[in-house]
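Contents: one structure, followed by commentary.
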Amino acid sequence: MTNNSPWIHQLDHSRKRTPLPADLLTDVAVIGAGIAGVSTAFSLLKHTDRKVALIEGYKLAHGATGHNAGQMVTYFERPFVEIVNEFGLEMAAQGQKDVDGAWELAQEMYTEAGLDIPMMRFESYSGFSTLAQVLEHLEDDRLRRAGGIRTGTLEIWEEAPFLYEIPEKYRKLFVLVPREEIALKLETLDPQYVALLPEQRGVMNSALFCQEVVRFLSEKYPDRFALYEETPIGKVAVHAEKVLLDAGLHTIECGKVVLCTNGFENIEIFTSSGLEVNSRFHHSLHGVVGYMTGYLEPKAGVPAAIHYYPAVDPGLTDTPGAPYFYVTRRPYEYQEGGNHNLISIGGPDVGLESRAHYDRDRQFSEKAKKKIEDFVRQVYDKKENLEFLFTWHGVMGYTKNMLRMVGPDPSFGRLYYNLGCNGVGLLPSIFGGDKVARQIAGEEFAPSIFDIPKAPRTRAESLPAPALSSLLQ
Ligand SMILES: Cc1cc2nc3c(=O)[nH]c(=O)nc-3n(C[C@H](O)[C@H](O)[C@H](O)COP(=O)(O)OP(=O)(O)OC[C@H]3O[C@@H](n4cnc5c(N)ncnc54)[C@H](O)[C@@H]3O)c2cc1C
């Protein structure tokens with residue numbers, strides 16, 4: 001069992017790949033052709049008149065973009081209250097609004113590129129099983145509303161054992177519902193799930209999206225855009241008047257460079273201050289491998305993207321934050337004309353050793369498969385003979401404070417970042433691409449939670465989130 005992703009399966013495998021054939025002079029080089037790089041290129045071509053070269057070390061959209069759950073979501077992988085404590089309510093709320101704005105940007109890309117691939121938006125749910133989970137979401141919800149962000153209303157089982165422990169200040173932030181309502185929306189009879197949060201979610205094959213957007217860019221901007229694949233960049237040298245990229249046999253000279261590399265693979269950055277940016281960059285990011293499985297079923301049931309937060313941690317994850325399983329159901333064409341739903345399930349992940357190299361052909365983890373099987377049988381689908389048609393994994397580059405890095409380097413204005421994908425990165429990548437392009441076009445922005453810090457920011461440096469006991473007062 002290796003790495004067999006349903007998103008890569010749907011790509012055009014006869015598409016011709018072009019490695020960089022000679023030295024190149026361009027205005028902007030974007031390194032990394034996942035959704036971050038493709039969105040950045042799209043926005044640069046739209047908002048500026050610059051020439052853009054998109055440089056990919058391997059193949060278009062074969063990184064995390066080709067190995068994810070494909071859910072379009074805009075939440076942070078960190079309680080909102082922590083972000084408020086670190087940056088203040090106004091900046092945290094603006095960060096959330098920025099990422100929420102990516103729904104429209106994604107739609108804009110879809111429409112302008114004339115795409116006809118499935119991309120859907122609908123209401124779906126997170127299911128909770130403990131008081132602590134419910135309180136965390138109520139506090140986040142309270143702060144989001146205070147920051148002017150629209151959120152869904154939490155629904156709690158009218159006989160949940162902890163009802164009387166919920167502080168009065170949250171009374172207007174939830175409604176009580178019968179158990180059947182929860183079972184119906186979460187599609188499970190597992191009695192541990194006693195509350196749910198509705199949220200706008202969507203689905204797409206982000207690899208196919210990238211392939212089709214690149215096709216459009218190549219046709220619309222033949223003189224200003226080129227994609228070079230199988231062209232790994234080993235070194236980036238940022239000089240006062242230009243940037244040089246070492247592409248092995250050839251050199252790329254550009255005015256600006258945008259790193260859309262997911263933050264992990266080997267690349268060294270040299271500046272007039274030596275390797276200071278390089279070590280800051282590498283110390284800011286670490287890798288986590290996420291594991292997923294998928295199976296087909298007859299097309300019945302509307303699209304769904306449901307998250308399940310169990311009461312007891314099943315030893316699922318190395319990343320900070322509450323562990324959860326995520327189930328996605330969507331129409332999926334396995335063979336031309338075939339008409340199925342794909343059910344995909346994720347949750348287990350494993351941290352990578354610092355700077356260890358991720359092997360995209362590594363075997364699928366048997367442990368992860370077993371955890372997913374147990375979950376599916378207990379919670380989602382009682383099927384006896386569960387056969388996974390797809391098992392796949394991908395690497396997520398996590399920043400220390402779990403927020404994406406978007407914008408120029410604080411010391412070197414020719415160097416930009418749109419990376420640190422984290423596990424929720426599709427819409428944030430699209431937001432990041434738009435922002436970086438506008439910055440390169442000269443637009444000024446207020447300070448943001450996504451700005452690149454001068455020194456690696458750690459999560460511990462942020463003020464501690466209020467303890468559960470203080471939420472109960
Ligand atoms: C299992 C899993 C599930 C996920 N589920 C979701 C989800 O449901 N919703 C969601 O929003 N997000 C999800 N994500 C995260 C999401 O997939 C990523 O945030 C997103 O794809 C990041 O895109 P990217 O372009 O930054 O990175 P990538 O897609 O990894 O692209 C980076 C590219 O840079 C190239 N590159 C790196 N270094 C170099 C170099 N030196 N020279 C040239 N090229 C280089 C790589 O080859 C790669 O193609 C998930 C991720 C995983 C792994």
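Quantities reported herein were computed from a predicted structural model and do not represent experimental measurements. Both counts, for ligands and for their atoms, begin at 1 and track the order of listing.
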Can an N or O of [X] be found at a distance shorter than 3.5 Å from an N or O of ligand 1?
X: Thr65; result: yes
X: Thr231; result: no
X: Leu426; result: yes
X: Met292; result: no
X: Ile233; result: yes
X: Lys59; result: no
X: Pro232; result: no
X: Ala64; result: yes
X: Leu427; result: no

Give the C-alpha distance, both sets of side-chain angles, the deciding distance and a yes or no for ring pair (Phe, Tyr, Trp, His ring centres under 6.0 Å) between Phe128 and His137.
CA-CA 10 Å; Phe128 304 118; His137 281 85; 4.2 Å; yes

Please state which part of [X] comes within less than 4.0 Å of ligand 1, counting heavy atoms only: side chain, backbone, both or neither.
X: Ala61; value: neither
X: Ile31; value: side chain
X: Ile267; value: side chain

Think [X] forms a cation-pi with [Y], using NZ or CZ under 6.0 Å from the six-ring centre and within 45 degrees of its axis?
X: Lys369; Y: Phe364; result: no
X: Arg360; Y: Tyr58; result: yes
X: Arg144; Y: Phe80; result: yes

For the residue pair Thr74 and Asp100, confirm or rule out a side-chain donor-acceptor distance under 3.5 Å.
yes

Aromatic contact, Tyr324 with Tyr308 (centres under 6.0 Å)
no

Per-atom contacts of ligand 1 with [X], taking only distances under 4.0 Å to non-hydrogen atoms:
X: Gly290; result: 1 (C)
X: Tyr326; result: 3 (C)
X: Ala69; result: 3 (C), 4 (C), 5 (N), 6 (C), 8 (O)
X: Gln71; result: 7 (C), 8 (O), 9 (N), 10 (C), 11 (O)
X: His67; result: 1 (C), 2 (C), 52 (C), 53 (C)
X: Gly394; result: 53 (C)
X: Arg404; result: 26 (O)
X: Met396; result: 51 (C), 52 (C), 53 (C)

Measure the spacing between CD1 of Ile182 and CG of Leu196 and express it to the nearest 0.5 Å.
5.0 Å

Could you tell me how the ring of Tyr358 sits relative to the ring of His393: parallel (under 30°), tilted (30 to 60°) or perpendicular (over 60°)?
perpendicular

Angle between ring planes, Phe390 versus Trp392, binned at 30° and 60°: parallel, tilted or perpendicular?
perpendicular

Does NZ in Lys51 sit with more than 12 non-hydrogen atoms of other residues, nucleotides or ligands closer than 6.0 Å?
no

Step by step, would you call Tyr334 with His9 a ring pair (Phe, Tyr, Trp, His ring centres under 6.0 Å)?
CA-CA 8 Å; Tyr334 181 58; His9 177 82; 4.6 Å; yes

With the threshold set at 4.0 Å, does a side-chain nitrogen-carboxylate oxygen contact exist between Lys46 and Glu112?
yes

Is there a heavy atom in [X] that sits closer than 4.0 Å to ligand 1?
X: Gly70; result: yes
X: Val424; result: yes
X: Ser206; result: no

I'd like the name of whichever of Thr261, Asn68, Val289, Val203 reaches closest to atom 3 (C) of ligand 1 through any heavy atom.
Asn68

Heavy-atom proximity to atom 13 (C) of ligand 1 ranks first, among Gly433, Pro348, Gly423, for Gly423

Going by heavy atoms in the side chains, are Phe325 and His307 under 4.5 Å from each other?
no

With side chains defined as the heavy atoms from C-beta onward, is the minimum distance between Pro410 and Ile452 less than 4.5 Å?
yes

Minimum heavy-atom separation for Arg404 to Ser429, with atom names?
NH2-OG, 3.1 Å

